[in-house]
Amino acid sequence: MSRSLVEVCDLKMHFPIKAGLLRKTVGHVKAVDGVSFVVREGETLGLVGESGCGKSTITRALLRVYEPTGGHMLYHGDTDNPADLATMDEETLTPYRRHIRLVFQDPQSSLNPRLPVVDIIGEVLAVNNIATGSELRDRVADLMQRVGLRPEMMHRYPHAFSGGERQRIGIARALAPEPKLLIADEAVSALDVSVQAQTINLLMDLQEEFGLTYLFVSHDLSVVQHICDRIAVMYVGNIVEIAPTDGLFESPRHPYTEALLSAAPIPDPTLRGKSSRIRLPGEVADPASPPSGCPFHPRCRFATDICKTDKPALRSVTEDGHEVACHHADDLTLANAFDGLVSSQHDQPMETA
Amino acid sequence: MSEPRNLIEVEDLRTHFFTDEGIVKAVDGVAFTIPTGKTVCVVGESGSGKSMTGRSILNMIPYPGRILEGAVQWRPNGAEPTDLLSLDPKGKAIRAIRGNDIALISQEPMAALSPVHTIGNQMVETIRLHLGIGKVEARQRAAAMLAKVGIPKPELRLDSYAFQLSGGMRQRVCIALAVACEPKLLIADEPTTALDVTTQANILDLFQELKNDLGVSILFITHDLGVVAEIADEVVVMYLGQVVEQGPVEQIFHDPLHPYTRALLGSVPRVARGRAKRLNTIRGMVPSPFDRPQGCLFHPRCDRFEAGLCDQSVPPLERYGDARTARCFKAGGAG
């Protein structure tokens, strides 16, 4: 097993809710409420969950856009002694900023429309004193080539590029300072299917070429299954299950994971109505007033009294690192992602093309 | 078996946008039918003209767009057809049909609902306008509709504002608003795209229920082939403003005739055992609307491209069997 690059321990990110004339704090939105996980060097860790579950908050805490309310984020860079990004002050943090970079969701709004591509990608090189002048332009040209853009286009502005190309610019910008960890926050969600496939392939190629580590945030399970080595499932500020991809899809251990897997639409009309889809009652809980005990218990069909009072901790259930936060994980038989997926033979029409 | 009647017949529709940079042929000769009580899915990538096709049916094209040609034959209950495009887009006749017989559900429910009126206010207004009933009765009807789309405590919710509801709830309100006047046709433009998967699954169920219970026809516009597989009876695949293939959903998925449909299906990542390491892609990208290729619009990205044929002449939309059409010179040998 490769060594860990980032260790997140008991990370908490609470946002105060202000109300009234004096802006008194009347409560907290517990966007992330005690999350622990490890990102190993060279792997792709997926972070999935529904909107409001805190997955984007985790990425912003890792980038220190937010100052975490509690917990630690140990970064194991080149040196042997890990640095805690959670408590570091702005000045000591600066050299670490080039190690963790982000690819944004929306390539439209994350690129400055008034900067040419050479400045968009090159700015980070100049600011970090990595390169200037003609050396900078050479590096930008090289980066553009790596992500499949024509370097001649470097003096054009973002509007001259299509959605997929803009996302490539975003990826090139993230790669510019040679980061260790690349965070992709819904990086392919806004793209069309054909462009999405190209971008996913590109991300996988780049990972191999540069030995990158990815934290891949998405709500799309089919994309996550495709690209990730391990997956963490989040629900209302907590990780409820974390496991190797195949283990998670083959034998989910948390009822929420089971429901999430069964909700994904299957692109095959012959299977319509055949999969035993689990319908979750109610709505995702409000992170400002999360339910007592297990955050999932009001929607869980297996909930018992203990679930209403005691919050289950994440614990190991197999030797290959399958962890789950559920009191009843050992007693449940849950449907996996492939139940009812025994499709007809002519399923994949592209196989021959 | 009775002959399935068509509720809507779209004939040779052309909707172009006259912008400063040039003419965008958003919809360029589109024809399809919506049978009564069926769900027709229009699929395509961004820029394929799928949304504008939906808007054209309602004769609601924003400036600088114009419907140049074509007809939308509207035949409720097998009556004499009315061409919706021949009606004055601001006239009484079309306004009686919009919202009443044909309802639109948009992608972003927050933008579709008024932020300064309660849910109840908006619903009562719509219901009274179209059905001409009293306030009290309209409110009861609104509550009943909210209950129908699965909103708990509907009476209470009538007094909520849109921002007090979650995304899934808002979309349910929009659907309740759309079906409140018992329309015969629902045009749903990417209604689940902004929603989470578990919510999306519930909303798709709701559409199926509405179709089965109320017998409405649905024109479902989406880019998500997974959703299409869940909900469609008929599929219309669009590329750059043209229909490239159409047919029953199972045939489209299992035996696509057009190379674009094939490629699109191949590039969808799917949850499966023994996943392939690389996804199949369509090379290149959707061309700019100002720079449409000669001949077949798809030829620069096509695997079956034949020089001298595909880049010279435009393939006609040809029939294959009883129910299918495709626009490709090479479709015959694809099976």
Side-chain angles (χ1 to χ4, degrees), chain A residues 49-53 162-165 191-198 200-201 204-205 219-227 245-246 249-250 256 259-273 277-280 282-284 286 337-338 341 343-344 346-351 353, chain B residues 44-47 152 166-169 192 194-202 204-205 223-232 235 248-250 252-256 259 261-273 275-286 288 301 303-304:
Chain A
E50 299 181 271
S51 47
C53 71
S162 71
E165 287 174 317
L191 305 175
D192 277 321
V193 225
S194 67
V195 182
Q196 186 182 53
Q198 291 171 357
I200 292 171
N201 285 344
M204 289 166 93
D205 292 345
H219 68 278
D220 188 336
L221 286 160
S222 49
V223 171
V224 167
Q225 193 214 10
H226 198 84
I227 198 170
T245 302
D246 290 337
F249 279 79
E250 199 74 55
Y256 177 64
L260 204 59
L261 292 178
S262 85
I266 307 159
D268 185 352
T270 41
L271 297 172
R272 190 187 294 176
R277 174 166 292 163
I278 299 146
R279 293 285 182 262
L280 290 180
E283 297 277 327
V284 176
D286 180 4
F338 312 111
L341 253 186
S343 173
S344 35
H346 40 244
D347 183 23
Q348 291 251 351
M350 264 307 274
E351 222 93 274
Chain B
E45 298 182 89
S46 48
S166 67
M169 282 290 183
T192 59
L195 304 176
D196 285 316
V197 270
T198 55
T199 319
Q200 167 174 288
N202 292 338
L204 291 181
D205 281 356
H223 69 276
D224 187 336
L225 289 160
V227 171
V228 175
E230 296 273 334
I231 196 167
V235 180
V249 62
E250 302 215 342
I252 293 276
F253 273 76
H254 289 152
D255 178 26
T261 318
R262 276 174 172 265
L264 209 54
L265 285 166
S267 58
V268 181
R270 40 184 94 204
V271 174
R273 277 203 181 91
R275 56 211 156 108
K277 261 298 151 208
R278 285 182 73 84
L279 286 166
N280 295 306
T281 60
I282 310 178
R283 69 163 171 271
M285 52 203 73
V286 180
S288 148
R301 308 176 74 191
D303 290 328
R304 289 162 183 266

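Reminder, nothing fancy here: chain letters follow the sequence lines and each chain counts from 1.
With a 4.5 angstrom heavy-atom cutoff, A/S162 touches chain B only via side-chain atoms. Heavy atoms of A/D286 lying under 4.5 Å from chain B are absent altogether. B/V249 touches chain A through backbone and side chain together, each having a heavy atom under 4.5 Å away. Both the backbone and the side chain of A/L280 have a heavy atom closer than 4.5 Å to some heavy atom of chain B. B/S288 does not touch chain A: none of its heavy atoms, backbone or side chain, sits under 4.5 Å away. Heavy-atom distances place the backbone of B/I231, and not its side chain, under 4.5 Å from chain A. At a 4.5 Å heavy-atom cutoff, the contact between B/R301 and chain A is made by side-chain atoms alone.
The heavy-atom pair separating B/S267 from A/S194 by the smallest distance is OG-CA, 4.0 Å. Smallest separation of non-hydrogen atoms from B/D196 and A/S51: OD2-OG, 2.7 Å. Closest of all the heavy-atom pairs between A/V193 and B/E45 is N-OE1, 4.2 Å.
For the options B/V286, B/V228, B/L225, B/V197, heavy-atom pairs under 4.5 Å to chain A are most numerous at B/V197. With chain B as partner, the option from A/D205, A/L261, A/L260, A/V195 having the largest number of non-hydrogen pairs under 4.5 angstrom is A/D205. The most heavy-atom pairs under 4.5 Å with chain A, out of B/G47, B/G167, B/G226, B/G44, come from B/G226.
B/T281 places no side-chain N or O within 3.5 Å of a backbone atom of A/A197 that could act as its donor or acceptor partner.
With a 4.5 Å cut-off on side-chain heavy atoms, A/Q198 and B/L279 do not count as touching.
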